Every structure is written in structure tokens, then in C-alpha cells.
> 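Sharing a structure below in C-alpha cells format, with a few things to ask.
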Amino acid sequence: QVSLVESGGGVVQAGGSLKLSCAASGRHFGSYHLGWFRQAEGKEREIVASINWSGTYTYFRDSVKGRFAVSRDNEANTATLQMNGLLPEDTAVYYCAADPSRPLYDSRTHSPEAWVYWGQGTQVTVSS
């Protein structure tokens, strides 16, 4: 089992950057795939990016490609989501998730239902 805590959210102007962190506690963090999801007010939770256990495979939703980057440090039990060129439509609560039931190349991992462990979320607000 793993516990996840996100940090780094805040308010930023359009075009700005934020770096979100996900700190994990528990055993076997290095064996878990990690995902970043977001949920805007009144909308469903959607995947933003994911990274496999070794950091050799990543996925990004189309709207953030070229703007966001994801990384992890298994020795430090942390993961980061670097967000550049932020847009007002990126405003949402961002969540870190771990341990999907399938490999990340399986598109079913784009659904929140595929993930077992979740953090509490961190708010990102992008002003225009």
C-alpha cells in the first residue's frame, strides 16, 4: 500500500509555470506506475499524464503535449508534473495516482477507475 500527497498548486497567470510534486510513503513505490489526473469544477476527472515504474514510458493527453513534463525519483519516493505555458482551461484540482491494474500502454489506464491509490489533490488556478 502507498500513501500519496500532492503539493505545489497555486494561482498563476496564463503563460506561467507550476511544478507539482507527489510524495509517496509506503513500500514498493518504485514498482508502481504513476498517473496525474485533474478535475475541473463540474467536470469529470481526466488523465493528464502517466509514467511507468521505471520512467521509460510516459503518456500525455493531447491538450498538454509539449507543455507538461512528468518525471519520478524512485529513490526519493517522489514524482513531479512540470506545467509550462499554462492556460485558463488547465484550472482544476490535480491528483496523483498510483498502481493501475494494467500496463500504461493500455488505454483503459486513462480512466480513473484503473487506479488504486490517490492523493488528496492540489488546486491549480490559471488566471487570464
Side-chain angles (χ1 to χ4, degrees):
Q1 187 168 349
V2 63
S3 297
L4 305 170
V5 178
E6 302 94 337
S7 61
V11 180
V12 64
Q13 288 189 332
S17 298
L18 281 175
K19 183 177 181 179
L20 304 184
S21 296
C22 176
S25 60
R27 303 176 66 180
H28 309 304
F29 171 81
S31 64
Y32 294 150
H33 301 321
L34 298 177
W36 288 94
F37 285 77
R38 66 187 180 188
Q39 187 165 17
E41 188 172 353
K43 295 187 177 181
E44 294 186 351
R45 192 169 298 189
E46 63 183 19
I47 191 167
V48 176
S50 60
I51 184 168
N52 71 342
W53 68 272
S54 63
T56 57
Y57 179 92
T58 57
Y59 165 84
F60 297 92
R61 69 181 299 108
D62 286 346
S63 62
V64 307
K65 284 180 180 177
R67 300 189 295 125
F68 290 13
V70 62
S71 62
R72 66 187 296 164
D73 183 339
N74 287 341
E75 290 192 0
N77 278 14
T78 59
T80 60
L81 180 68
Q82 177 67 47
M83 305 185 296
N84 301 321
L86 283 162
L87 304 170
E89 49 264 44
D90 294 319
T91 295
V93 177
Y94 282 70
Y95 298 89
C96 177
D99 191 24
S101 58
R102 299 175 178 87
L104 295 185
Y105 54 76
D106 188 326
S107 61
R108 287 173 288 185
T109 63
H110 302 170
S111 171
E113 286 73 25
W115 299 78
V116 177
Y117 304 108
W118 291 88
Q120 84 291 346
T122 185
Q123 176 70 46
V124 171
T125 302
V126 184
S127 61
S128 57

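Here the structure is a predicted model, which is why all the values come from computation and not from measurement.
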> Any chance you could measure Y117, atom OH, to Q1, atom CD, to the nearest 0.5 Å?
5.0 Å

> Check the hydrophobic clustering (I, L, V, M, F, W, Y; side-chain heavy atoms under 4.5 Å; chains of links allowed) and say if V48 and F60 are grouped together.
yes

> Is the backbone N or O of V116 less than 3.5 Å from a side-chain atom of D99, with the two atoms forming a donor-acceptor pair by type?
no

> Hey, quick one: are I47 and V93 part of the same hydrophobic cluster, counting side-chain heavy atoms closer than 4.5 Å, chains of contacts allowed?
yes

> Does any pair with a residue in residues 81-92 pass salt bridge (Lys or Arg N to Asp or Glu O under 4.0 Å), and if so which ones, sequence neighbours excluded?
R38-D90, R67-D90

> Using the side chain to side chain donor-acceptor pair (under 3.5 Å) criterion, which residues pair with S128? Sequence neighbours excluded.
none

> Ignoring hydrogens and angles, write down the donor-acceptor pairs under 3.5 Å from the side chains of residues 22-33, residues two or more places apart or on other chains.
residue	atom	partner	partner atom	Å
S31	OG	H28	O	2.7
H33	ND1	W53	N	3.1

> Nearest 0.5 angstrom please: R61 CZ to S50 OG, how far?
11.5 Å

> Any side-chain to backbone donor/acceptor pair from Q39 onto A92? Under 3.5 Å, distance only.
no

> Can you list everything that forms a side chain to side chain donor-acceptor pair (under 3.5 Å) with E113? Sequence neighbours excluded, please.
S111

> Determine whether V70 and L34 fall in the same hydrophobic cluster, where Ile, Leu, Val, Met, Phe, Trp and Tyr are linked whenever their side-chain heavy atoms lie under 4.5 Å apart.
yes

> Quick check: closest heavy atoms across P103 and T109, and the distance to 0.1 Å?
O-CG2, 3.3 Å

> My understanding is that only residues two or more places apart in sequence, or in another chain, count here; which of them pass side chain to side chain donor-acceptor pair (under 3.5 Å) with T125?
Q123

> With sequence neighbours left out, write down each residue that passes side chain to side chain donor-acceptor pair (under 3.5 Å) with K43, or none if nothing qualifies.
none

> So do the side chains of L86 and F68 get within less than 4.5 Å of each other, counting heavy atoms only?
yes

> Show every salt bridge (Lys or Arg N to Asp or Glu O under 4.0 Å) that has at least one partner inside residues 114-128, sequence neighbours left out.
none

> Kindly write out the residues that satisfy ring-ring contact (aromatic ring centres under 6.0 Å, His included) with Y59, not counting sequence neighbours, or none if the list is empty.
H110

> Looking at every non-hydrogen atom in both residues, tell me the closest pair between V2 and A98 and how far apart they are.
CG1-CB, 4.1 Å

> How about W115 and R45: do any of their side-chain heavy atoms sit closer than 4.5 Å?
no

> Among pairs that include at least one residue of residues 71-86, which meet side chain to side chain donor-acceptor pair (under 3.5 Å), considering only residues two or more places apart or in two chains?
S17-N84, S71-T80, R72-N74, Q82-N84

> Between Q120 (side chain) and V5 (backbone), is there a donor-acceptor pair under 3.5 Å?
no

> List the residues meeting side-chain contact (heavy atoms from CB on, under 4.5 Å) with V124, not counting sequence neighbours, and say none if there are none.
L18, L20, M83, Y94, V126

> Verify the cluster assignment for Y95 and V64: are they in a single hydrophobic cluster under the rule of side-chain heavy atoms below 4.5 Å apart?
no

> Please, which pairs that meet disulfide (SG to SG under 2.5 Å) have at least one residue in residues 55-85, sequence neighbours excluded?
none

> Mind checking what makes ring-ring contact (aromatic ring centres under 6.0 Å, His included) contact with W36, not counting sequence neighbours?
none

> Considering non-hydrogen atoms only, spot the tightest contact between E6 and C96 and give its length.
OE2-N, 2.7 Å

